[in-house]
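Inspection log for the structure reproduced underneath, given as C-alpha cells.
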Amino acid sequence: MMGTNISNAQFREFFDIASEKAAYYLLKKLKFEALGENKNRKYIIPAKLLLNVSD
C-alpha cells in the first residue's frame, strides 16, 4: 500500500477511521498536498514521513 500518495479511503482504512469528513480534515491538518478533485483526489505523502517509514 505504501506509495508516494494516498486516497481518503486508503487513509481511513489504514487508520481505521469511519468518517470521510474526519479523514479529510486530518489530511488537511497534516498538510498533505491534494492532487485531483472529488473521487479522484489523491494526497501526496510528505517526503519526511516516507523517510521515517523506510528506516
Side-chain angles (χ1 to χ4, degrees):
M1 180 178 120
M2 274 299 169
T4 58
N5 58 47
I6 191 167
S7 68
N8 183 299
Q10 291 169 320
F11 185 84
R12 285 185 285 121
E13 182 179 336
F14 187 80
F15 289 103
D16 196 26
I17 298 171
S19 169
E20 287 181 36
K21 210 170 233 184
Y24 169 80
Y25 285 115
L26 283 170
L27 287 160
K28 285 293 200 184
K29 187 74 172 172
L30 292 168
K31 298 186 189 302
F32 280 36
E33 182 183 345
L35 296 175
E37 295 183 11
N38 302 321
K39 287 187 175 261
N40 293 323
R41 183 173 292 147
K42 298 285 185 187
Y43 296 90
I44 298 173
I45 301 170
K48 62 183 177 184
L49 293 179
L50 291 173
L51 291 174
N52 290 336
V53 169
S54 65
D55 288 344

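The basis for the numbers below is simple: all heavy atoms, side chains too, and nothing from hydrogens, waters or symmetry mates.
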N/O donor-acceptor pairs under 3.5 Å from side chains in residues 32-43, not counting sequence neighbours:
residue, atom, partner, partner atom, Å
Arg41, NE, Gly36, O, 3.4

Enumerate, atom names and distances included, each donor-acceptor pair closer than 3.5 Å involving a side-chain atom of residues 16-26, sequence neighbours excluded.
residue, atom, partner, partner atom, Å
Ser19, OG, Lys21, N, 3.3
Ser19, OG, Ala22, N, 3.0

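Atom CD1 in Ile45 sits 9.5 Å away from atom CG in Leu27 (nearest 0.5 Å).
Shown here for Asn8 and Arg12, the closest heavy-atom pair between the two residues is OD1-NE, 2.6 Å.
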